[in-house]
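Structure first, commentary second.
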Amino acid sequence: QLQLVESGGGLVQPGGSLRLSCTASGFTLDYYAISWFRQAPGKEREGVSCISRRSSTIEYADSVKGRFTISRDNAKNTVYLQMSGLKAEDTAVYYCAARRSIWSSSYDYWGQGTQVTVSS
């Protein structure tokens with residue numbers, strides 16, 4: 001069964017850190033570019049970061065630059081999102097999604113999402 005699974009979400013205080021993981025099952029991530037999205041209650045889904053198949057291209061939303069880092073370990077079939085200096089406005093459900101390349105017009109797979117809550 002082809003599947004993406006996110007993990008690592010939870011409750012953290014402002015200024016804290018979390019590392020999210022996105023792991024593929026049933027297929028290899030070697031052939032896919034990966035993006036992270038997030039959606040807060042009452043808000044539209046927004047792009048957070050993306051990484052190309054060989055990590056040659058990496059992009060971040062302006063709101064997370066300098067605080068978030070995306071990386072991948074293809075041997076482990078996993079993409080990570082390291083989040084530091086977390087703020088209340090980072091609270092959202094975070095999703096990973098896979099597409100054949102950064103030039104593809106649509107995503108082939110989506111994860112189920114993991115909740116990140118930043119609160120004191």
Residue set satisfying side chain to side chain contact (heavy atoms under 4.5 Å, CB included) with Ser7, at least two apart, ordered chain then number -> Ser21

Smallest heavy-atom separation, Gly47 atom then Ala61 atom, equals O-CB, 3.5 Å

With sequence neighbours left out, the residues meeting salt bridge (charged side-chain N to carboxylate O under 4.0 Å, His left out) with Lys65 are Asp62

Check whether more than 12 heavy atoms from other residues, nucleotides or ligands sit under 6.0 Å from atom CD of Glu59, and answer yes or no.
no

| task | Find out if a path of hydrophobic residues (ILVMFWY) with successive side-chain heavy-atom gaps under 4.5 Å connects Val93 to Leu18. | result | no

Residue pairs passing the salt bridge (Lys or Arg N to Asp or Glu O under 4.0 Å) test with at least one member in residues 42-55, sequence neighbours excluded, are Arg38-Glu46

Residue pairs meeting ring pair (Phe, Tyr, Trp, His ring centres under 6.0 Å), one or both in residues 37-60, sequence neighbours left out, come to Phe37-Tyr107, Phe37-Trp110

When rounded to the nearest 0.5 Å, the distance separating CD1 of Ile51 from CD1 of Ile70 is 5.0 Å

| query | Same hydrophobic cluster for Tyr95 and Val116, using side-chain heavy-atom links shorter than 4.5 Å among ILVMFWY? | reply | no

So SG of Cys96 and CD1 of Ile34: to nearest 0.5 Å the spacing works out to 6.5 Å

With sequence neighbours left out, the residues meeting side chain to side chain contact (heavy atoms under 4.5 Å, CB included) with Gln82 are Ser17, Arg19, Thr69, Ser84

For residues 6-30, the ring pair (Phe, Tyr, Trp, His ring centres under 6.0 Å) pairs (sequence neighbours left out) are Phe27-Tyr32, Phe27-Tyr109

Between Leu86 and Phe68, is the side chain to side chain contact (heavy atoms under 4.5 Å, CB included) condition met? List the steps.
CA-CA 9 Å; Leu86 285 164; Phe68 290 12; 3.9 Å; yes

query: Do Val118 and Tyr94 share a hydrophobic cluster (ILVMFWY, side-chain heavy atoms under 4.5 Å, transitive)?
result: yes

For Arg67, the salt bridge (charged side-chain N to carboxylate O under 4.0 Å, His left out) test, sequence neighbours excluded, returns Asp90

Interatomic distance, OG1@Thr57 vs CD1@Ile102, rounded to 0.5 Å, equals 4.0 Å

Salt bridge (Lys or Arg N to Asp or Glu O under 4.0 Å) pairs touching residues 70-85, sequence neighbours excluded, are none

Taken to the nearest 0.5 Å, the spacing of Leu29 CG from Cys22 SG works out to 6.5 Å

The side chain to side chain donor-acceptor pair (under 3.5 Å) partners of Ser52 (sequence neighbours excluded) come to Ser56

Look only at the side chain of Thr91 and the backbone of Thr117, and say whether a donor-acceptor pair between them is shorter than 3.5 Å.
no

Under a 3.5 Å distance rule, please check whether Ser120 uses its side chain to pair with a backbone N or O of Gln13 as donor and acceptor. no

Exercise for the section: Find out if a path of hydrophobic residues (ILVMFWY) with successive side-chain heavy-atom gaps under 4.5 Å connects Leu2 to Val79. Expected result: yes

Sequence neighbours excluded, the answer for ring-ring contact (aromatic ring centres under 6.0 Å, His included) partners of Tyr80 is none

Those residues at least two apart in sequence (or on a different chain) that pass side chain to side chain contact (heavy atoms under 4.5 Å, CB included) with Thr23 are Thr78

Do the side chain of Ser104 and the main chain of Ser106 share a donor and acceptor less than 3.5 angstrom apart? no

dist Asp108:CG -> Leu4:CG (nearest 0.5 Å) comes out at 10.0 Å

Applying side chain to side chain contact (heavy atoms under 4.5 Å, CB included) to Gln112 and not counting sequence neighbours gives Val5, Glu6

